[in-house]
Amino acid sequence: MNHRRKSSNIVEKFIVRPAGLDDLSVLLEFEQGIILAERPMDPTLAPDPISYYDIAELINSDDAEVLVVEHDFEVIASGYAKIKKARHYLDHEFYSYLGFMYTRPDFRGRGVNRLIVEELRNWSISKGLKEIRLTVYDDNIAAIKAYERTGFKKHLIEMRIE
């Protein structure tokens, strides 16, 4: 899962690999980065400290794949795919849900998110899943554009009222 991308006449080498429990400390930092970025978009988030994921459980699960991207032996990005049961009225019984998508700010815009999505898509297909979904805040324009570049299309809008 080595990937090279030319950027400003420099060849960058990104390595995509499954996360291990030894990556947990950096992954917990990434999780807090996601929460910090999303807090202004969601007034319903509980006060800090909060956590979105049980990362260790995801890493150890047979129904999930947590990936990291390394650059110069440093973890710079993450994402996971998790097998979920679909609603009974849909034409698929299970689907792959993508989450925990994080790229360090200094590596954004270099195609790292695309690498993660491609590898998680491959993992999902290997599990026999044809449907892949994720959720993103409507105000997160940069993330929406990044996902659209990887082939995702807007599908459903969740609305709320106080």
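What's counted below: heavy atoms across the whole structure, side chains too, no hydrogens, waters or symmetry copies.
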Could you give me the CA-CA distance, side-chain angles and deciding distance for Tyr53 and Tyr80, then say whether ring-ring contact (aromatic ring centres under 6.0 Å, His included) is met? CA-CA 11 Å; Tyr53 316 105; Tyr80 78 72; 5.6 Å; yes
When the side chains of residues 119-137 are checked against the rest of the protein, which donor-acceptor pairs come out under 3.5 Å, sequence neighbours left out?
unit_1: Glu119; atom_1: OE2; unit_2: His3; atom_2: NE2; d: 3.3
unit_1: Asn122; atom_1: ND2; unit_2: Glu118; atom_2: O; d: 3.4
unit_1: Ser124; atom_1: OG; unit_2: Ser96; atom_2: OG; d: 2.6
unit_1: Ser124; atom_1: OG; unit_2: Leu120; atom_2: O; d: 2.8
unit_1: Ser126; atom_1: OG; unit_2: Trp123; atom_2: O; d: 2.6
unit_1: Glu131; atom_1: OE2; unit_2: Arg133; atom_2: NE; d: 2.9
unit_1: Glu131; atom_1: OE2; unit_2: Arg133; atom_2: NH2; d: 3.3
unit_1: Thr135; atom_1: OG1; unit_2: Tyr97; atom_2: OH; d: 2.7
unit_1: Tyr137; atom_1: OH; unit_2: Asp42; atom_2: OD2; d: 2.6

Joint cluster assignment, [X] & [Y], ILVMFWY side-chain distance < 4.5 Å:
{"X": "Val16", "Y": "Ile59", "value": "no"}
{"X": "Val69", "Y": "Phe107", "value": "yes"}
{"X": "Ile83", "Y": "Val117", "value": "no"}

Got a sec: does the [atom1] of [X] have more than 12 other heavy atoms crowding it under 6.0 Å?
{"X": "Asp48", "atom1": "CG", "answer": "yes"}
{"X": "Glu57", "atom1": "CD", "answer": "yes"}
{"X": "Lys85", "atom1": "NZ", "answer": "yes"}
{"X": "Arg87", "atom1": "CZ", "answer": "no"}

Apply side-chain contact (heavy atoms from CB on, under 4.5 Å) to residues Ile76 and Phe14 and explain how you reach the verdict. CA-CA 9 Å; Ile76 60 153; Phe14 298 110; 3.7 Å; yes
In the structure I gave you, are the side-chain heavy atoms of [X] and [Y] within less than 4.5 Å of one another anywhere?
{"X": "Ile15", "Y": "Phe73", "result": "no"}
{"X": "Lys153", "Y": "Glu148", "result": "no"}
{"X": "Leu24", "Y": "Leu28", "result": "yes"}
{"X": "Arg39", "Y": "Ile50", "result": "yes"}
{"X": "Phe30", "Y": "Val75", "result": "yes"}
{"X": "Leu67", "Y": "Glu65", "result": "yes"}
{"X": "Arg108", "Y": "Tyr102", "result": "yes"}
{"X": "Phe152", "Y": "Ile144", "result": "no"}

Can you give me the closest heavy-atom contact between [X] and [Y], atom names plus distance?
{"X": "Ala77", "Y": "Ile116", "value": "CB-CD1, 3.7 Å"}
{"X": "Ala19", "Y": "Leu27", "value": "CB-CD1, 4.0 Å"}
{"X": "Pro40", "Y": "Leu36", "value": "CD-O, 3.3 Å"}
{"X": "Asn113", "Y": "Ala146", "value": "ND2-CB, 4.0 Å"}
{"X": "Met101", "Y": "Ile34", "value": "O-CD1, 4.0 Å"}

Salt bridge or not between Arg104 and Glu74? Use side-chain N to carboxylate O under 4.0 Å. yes
Using salt bridge (charged side-chain N to carboxylate O under 4.0 Å, His left out), reason through Arg17 and Asp23 one step at a time and then give a plain yes or no. CA-CA 11 Å; Arg17 64 167 175 81; Asp23 296 309; 2.8 Å; yes
Could you give me the CA-CA distance, side-chain angles and deciding distance for His71 and Lys13, then say whether side-chain contact (heavy atoms from CB on, under 4.5 Å) is met? CA-CA 6 Å; His71 181 267; Lys13 187 174 182 183; 5.6 Å; no
Out of Gln32, Glu31, Glu38, which one pairs with Tyr52 under the side-chain hydrogen bond (donor to acceptor under 3.5 Å, both in side chains) rule? Glu38
Using the rule given for side-chain contact (heavy atoms from CB on, under 4.5 Å), can you reason through Val26 versus Val68, listing the C-alpha separation, both sets of side-chain angles and the distance that settles it, and then say yes or no? CA-CA 10 Å; Val26 71; Val68 295; 5.9 Å; no
Derivation of the salt bridge (charged side-chain N to carboxylate O under 4.0 Å, His left out) call for Arg110 and Glu12: CA-CA 9 Å; Arg110 298 188 192 178; Glu12 294 185 286; 2.4 Å; yes
Lys84 and Phe94: CA distance, side-chain angles, deciding distance, side-chain contact (heavy atoms from CB on, under 4.5 Å) verdict: CA-CA 6 Å; Lys84 290 194 170 191; Phe94 294 94; over 6 Å; no
